[in-house]
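Inspection log for the structure reproduced underneath, given as structure tokens.
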There are 2 protein chains.
Amino acid sequence: MELDKINWSILTLLQENARLSFAEIGRNVGLSAPAVAERVLKLEESGIIKRFSVDLDFEKLGYSFKAIISFKVYTGKMQSFLKFISEMHEVYECNRVTGEHCLIMKLIVQKPNELENIINLFSDFGESTTSIVLSSPVEHKVFNQNKN
Amino acid sequence: MELDKINWSILTLLQENARLSFAEIGRNVGLSAPAVAERVLKLEESGIIKRFSVDLDFEKLGYSFKAIISFKVYTGKMQSFLKFISEMHEVYECNRVTGEHCLIMKLIVQKPNELENIINLFSDFGESTTSIVLSSPVEHKVFNQNKN
DNA sequence: GTTGAAATTGTAGGGTC
DNA sequence: GACCCTACAATTTCAAC
């Protein structure tokens, strides 16, 4: 799908505030509300927009520890491990990557000892290297094409 | 801020679809629309809700390569490097972490050679270890407290 | 928290280029 | 096909309770 400037503007506006009304978006990009609604619907149908969501401050919710775990899965254990973590709400994100480690995950927990328990559980499936996140200087940046 | 069950339900609903109307959320949690609006406003003011946003499929936007770069910053270069990457739209996320490497970043680019250029630019500030993301088995999971 | 009224918005229809 | 306009239903918002 080719995106024109207006669609990129709509995506930028929605990234900054997904609850903007179609009317307000329309005022920004020079379109009527129905025209914006139709464009957004097509962006959803095409899958470019995967989900309207909300960014939470996990620290304020009592989940103060973020960790990044690099994980080398034992031979033959990949499928069962992926199934295992898909049901763990502490595993916020998991990426399969090239390089020495197979997986890089981001976890969110309340206390250090929860992390310890999880690392113990993981040890059945492979070898983990854990880093605690101290801060996130860049977090979920608004994505836009800055060229044209 | 202490969250009751209703607020957790609201946060779960909004994570799944940030454009739900307050009226519809109210029907789900047994409140009137103004009551929901007031709760959501307070969640925003308290900073628990950082932003209403939208999850995009970067691949469909032509940005097919995600990479995770572990980065060991040279002594005294941290501040200038953080400023440098804050202006790069390819750096989607950056975490400062414990362990051998100082920073773990996620980048999104269109083509491999863009990544090469970025790694070259980074070499002034420190040493990078790059992994290409092959797939993301878990991505931006909906976060909720599953207890009580 | 609720209810009710006014302003705004979403949405479906028909029409234009 | 993409857009606009119109009209009606739904929602937001603000008041008073």
Side-chain angles (χ1 to χ4, degrees), chain A residues 1-57 60-62 140 142-148, chain B residues 1-63 110 140 142-148:
Chain A
M1 183 170 179
E2 260 315 301
L3 293 198
D4 58 11
K5 275 190 195 176
I6 292 181
N7 272 354
W8 273 105
S9 300
I10 291 174
L11 288 181
T12 300
L13 289 166
L14 285 175
Q15 284 180 89
E16 288 162 351
N17 181 7
R19 288 188 71 86
L20 279 179
S21 70
F22 294 142
E24 204 162 340
I25 295 171
R27 272 173 234 125
N28 272 277
V29 302
L31 284 177
S32 65
V36 174
E38 194 181 351
R39 278 170 178 262
V40 172
L41 185 66
K42 280 183 186 163
L43 288 166
E44 287 187 72
E45 286 172 347
S46 71
I48 288 175
I49 291 178
K50 292 198 288 189
R51 177 172 62 173
F52 294 99
S53 190
V54 64
D55 293 347
L56 302 179
D57 187 322
K60 291 192 171 143
L61 289 169
H140 194 167
V142 170
F143 189 83
N144 45 19
Q145 66 156 19
N146 11 8
K147 34 191 133 177
N148 46 262
Chain B
M1 184 169 178
E2 261 314 301
L3 294 198
D4 58 9
K5 275 189 194 177
I6 292 181
N7 271 354
W8 273 105
S9 299
I10 291 174
L11 288 181
T12 300
L13 288 166
L14 284 175
Q15 283 180 88
E16 288 162 351
N17 181 6
R19 287 186 71 85
L20 278 180
S21 70
F22 295 143
E24 203 163 340
I25 295 170
R27 274 173 233 127
N28 271 277
V29 301
L31 285 176
S32 65
V36 174
E38 195 181 343
R39 278 169 177 262
V40 171
L41 185 66
K42 280 183 185 161
L43 287 167
E44 286 186 72
E45 285 171 349
S46 72
I48 288 176
I49 291 178
K50 292 197 290 190
R51 177 172 60 173
F52 295 98
S53 190
V54 64
D55 293 346
L56 302 178
D57 187 323
F58 298 109
E59 225 169 293
K60 291 192 172 144
L61 289 168
Y63 289 76
Q110 293 179 288
H140 196 167
V142 170
F143 189 82
N144 45 19
Q145 67 157 16
N146 10 10
K147 37 190 128 177
N148 49 266

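These numbers come from a predicted model, not from an experiment. In what follows, chains carry the letters A, B, and so on, assigned in the order in which the sequence lines appear, proteins first and then strands, with residues in each chain numbered from 1.
- Within the 3.5 Å criterion, the main-chain N or O of B:Leu20 finds a donor-acceptor partner in the side chain of A:Arg19.
- Under the salt bridge (Lys or Arg N to Asp or Glu O under 4.0 Å) rule, B:Lys42 has a single partner from B:Glu44, B:Glu38, B:Glu45, which is B:Glu38.
- Atom CD1 of A:Ile49 is separated from atom CG of B:Leu61 by 9.5 Å, given to the nearest 0.5 angstrom.
- Counting all heavy atoms, side chain and backbone alike, B:Phe52 lies closest to B:Ala18 at CD2-CB, 4.0 Å.
- B:Asn17 contributes no side-chain N or O that, together with a main-chain N or O of B:Leu13, makes up a donor-acceptor pair within less than 3.5 Å.
- Distance alone, capped at 3.5 Å, is enough to place a donor-acceptor pair between the B:Arg51 side chain and the A:His140 backbone.
- Comparing the local axis fitted to the first five base pairs of the helix from C:dG1-D:dC17 to C:dC17-D:dG1 with the one fitted to its last five gives a bend of 30°, rounded to 10°.
- B:Ser9 places no side-chain N or O within 3.5 Å of a backbone atom of B:Val29 that could act as its donor or acceptor partner.
- A close approach under 4.0 Å does occur between a side-chain nitrogen or oxygen of A:Lys42 and OP1 or OP2 of D:dA2.
- Atom pair B:Leu31:CG and C:dT2:P shows a separation of 5 Å (rounding to whole Å applied).
- The minimum heavy-atom distance between B:Gln15 and A:Ser53, with the atom names listed, is O-OG, 3.0 Å.
- In terms of phosphate contacts, A:Ser32 brings no side-chain nitrogen or oxygen within less than 4.0 Å of OP1 or OP2 of D:dC5.
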Can you give one letter per nucleotide of nucleotides 10-17 of chain D, going 5' to 3': B for a protein heavy atom under 4.0 Å from the base, S for sugar-phosphate only, - for none?
-SSBB---
